[in-house]
Amino acid sequence: MHSFGKRLLAMEIRAAKMYWHMPSTSNIYPEIFKQNRMVGIVWANQVDYSTWFGKKDLFIHAIQMLPFSPPTEICLDKAFMKEEYEVIKNNNDPADWTVYRVCARAIIDKEGAWSEAASVNIFHSGTCR
């Protein structure tokens with residue numbers, strides 16, 4: 001059962017990296033998605049840079065990063081996150097979504113993210129200090 005779980009996790013990570021994460025080397029979707037580094041919704045015959053609850057960059061990126069858990073650093077590796085973080089770092093985020101951007105930053109800049117996390121005082125439901 002343990003090996004089966006590891007295989008499923010590996011398949012999920014591979015699919016996320018192929019169909020949702022768009023590093024500069026990706027050639028899966030048109031150029032606009034590569035510039036955004038992430039897709040929001042993958043349909044049967046199209047992809048959208050959006051979510052069902054909003055079009056803000058952080059919404060689109062954070063929903064594809066969740067949940068932040070031990071396998072996150074395998075799925076969101078440093079090389080990809082260096083490119084991806086550039087898209088979300090300077091956005092006008094809703095205050096209760098800032099914590100997700102801080103979590104993304106922690107993958108590439110632990111000390112900077114830790115300092116930023118100390119100043120976060122509004123949390124989205126389901127998150128906490």
Side-chain angles (χ1 to χ4, degrees):
M1 186 58 100
H2 180 262
S3 295
F4 181 65
K6 286 173 63 175
R7 178 162 293 169
L8 290 176
L9 177 61
M11 290 168 57
E12 180 67 24
I13 289 171
R14 183 170 188 227
K17 286 182 174 189
M18 181 174 287
Y19 297 111
W20 277 267
H21 305 169
M22 300 293 112
S24 57
T25 57
S26 177
N27 60 1
I28 298 290
Y29 301 122
E31 187 67 28
I32 188 69
F33 293 100
K34 195 185 305 187
Q35 294 169 6
N36 293 326
R37 301 290 181 244
M38 190 82 71
V39 298
I41 303 171
V42 177
W43 303 92
N45 60 356
Q46 75 180 44
V47 291
D48 290 330
Y49 187 68
S50 180
T51 68
W52 61 270
F53 54 86
K55 294 184 179 244
K56 289 188 173 285
D57 289 330
L58 188 58
F59 293 170
I60 296 161
H61 292 255
I63 201 67
Q64 299 304 346
M65 292 184 222
L66 293 174
F68 285 95
S69 63
T72 298
E73 64 185 321
I74 300 167
C75 188
L76 301 174
D77 59 80
K78 243 184 189 177
F80 170 69
M81 288 306 292
K82 283 181 182 177
E83 293 183 17
E84 200 279 337
Y85 188 73
E86 293 299 313
V87 177
I88 62 171
K89 73 176 183 180
N90 292 323
N91 286 318
N92 186 13
D93 306 329
D96 59 345
W97 279 73
T98 301
V99 69
Y100 299 118
R101 184 178 41 74
V102 173
C103 288
R105 181 179 181 185
I107 296 168
I108 57 173
D109 176 16
K110 288 177 178 38
E111 292 80 20
W114 183 254
S115 295
E116 188 176 359
S119 68
V120 174
N121 56 16
I122 299 175
F123 297 91
H124 190 266
S125 60
T127 61
C128 62
R129 194 178 305 270

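Predicted model, so just to flag it, every value in this text is computed and none were measured.
In terms of heavy atoms, Trp52 sits closest to Ile41 at N-CD1, 4.2 Å. Pairing each heavy atom of Val102 with each of Ala117, the nearest pair is CG1-CB, 3.8 Å. Among all heavy-atom pairs drawn from Ile88 and Ala104, the shortest one is CD1-CB, 4.1 Å.
Atom CE of Met81 is separated from atom CD of Glu86 by 10.5 Å, given to the nearest 0.5 angstrom. Summarising the geometry, atom OH belonging to Tyr29 is positioned 5.5 Å from atom CE belonging to Met22; distances are rounded to the nearest 0.5 Å. Interatomic distance, Met38 CE to Glu83 CD, rounded to the nearest 0.5 Å: 11.5 Å. With rounding to the nearest 0.5 Å, the separation of CZ in Arg14 from CD1 in Ile74 is 15.5 Å. With values rounded to the nearest 0.5 angstrom, Leu76 atom CG is found 11.0 Å from Ile108 atom CD1. Once rounded to the nearest 0.5 Å, the distance linking CZ of Arg37 with CZ of Phe80 reads 8.0 Å.
Transitive grouping of hydrophobic side chains (ILVMFWY, heavy atoms separated by less than 4.5 Å) keeps Met11 and Val42 in distinct clusters. Under a hydrophobic clustering in which Ile, Leu, Val, Met, Phe, Trp and Tyr are joined whenever their side-chain heavy atoms come within less than 4.5 Å, directly or via other members, Val87 and Ile28 fall into the same cluster. If you chain together hydrophobic residues whose side chains sit under 4.5 Å apart, Leu66 and Leu9 never meet in one group.
The closest side-chain heavy-atom distance from Tyr19 to Val39 is not below 4.5 Å. Looking only at side-chain heavy atoms (C-beta outward), Ile63 and Phe53 come within less than 4.5 Å of each other. In this structure the side chain of Val47 reaches within 4.5 angstrom of the side chain of Phe33, judged on heavy atoms. At a threshold of 4.5 Å between non-hydrogen side-chain atoms, the residues Asp57 and Tyr49 count as touching.
One N or O on the side chain of Thr72 and one on the backbone of Pro67 form a donor-acceptor pair closer than 3.5 Å. The main-chain N or O of Trp20 is never found under 3.5 Å from a side-chain atom of Gln64 such that the two would form a donor-acceptor pair.
Using a cutoff of 4.0 Å between basic side-chain nitrogens and carboxylate oxygens, Arg101 and Glu116 are scored as salt-bridged.
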*Stepwise, does the side chain to side chain contact (heavy atoms under 4.5 Å, CB included) test hold for Glu12 with Cys75?*
CA-CA 9 Å; Glu12 180 67 24; Cys75 188; over 6 Å; no
*Kindly determine whether Ile107 and Met65 satisfy side chain to side chain contact (heavy atoms under 4.5 Å, CB included), including the steps that lead there.*
CA-CA 11 Å; Ile107 296 168; Met65 292 184 222; 5.9 Å; no
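Screening Lys55, Lys56, His61 for a side chain to side chain contact (heavy atoms under 4.5 Å, CB included) with Phe59, the sole residue that qualifies is Lys56.
Atom CZ of Phe4 is surrounded by 12 or fewer heavy atoms from other residues, nucleotides or ligands within 6.0 Å. Around the CD atom of Gln35, the shell of radius 6.0 Å holds more than 12 heavy atoms that belong to other residues, nucleotides or ligands.
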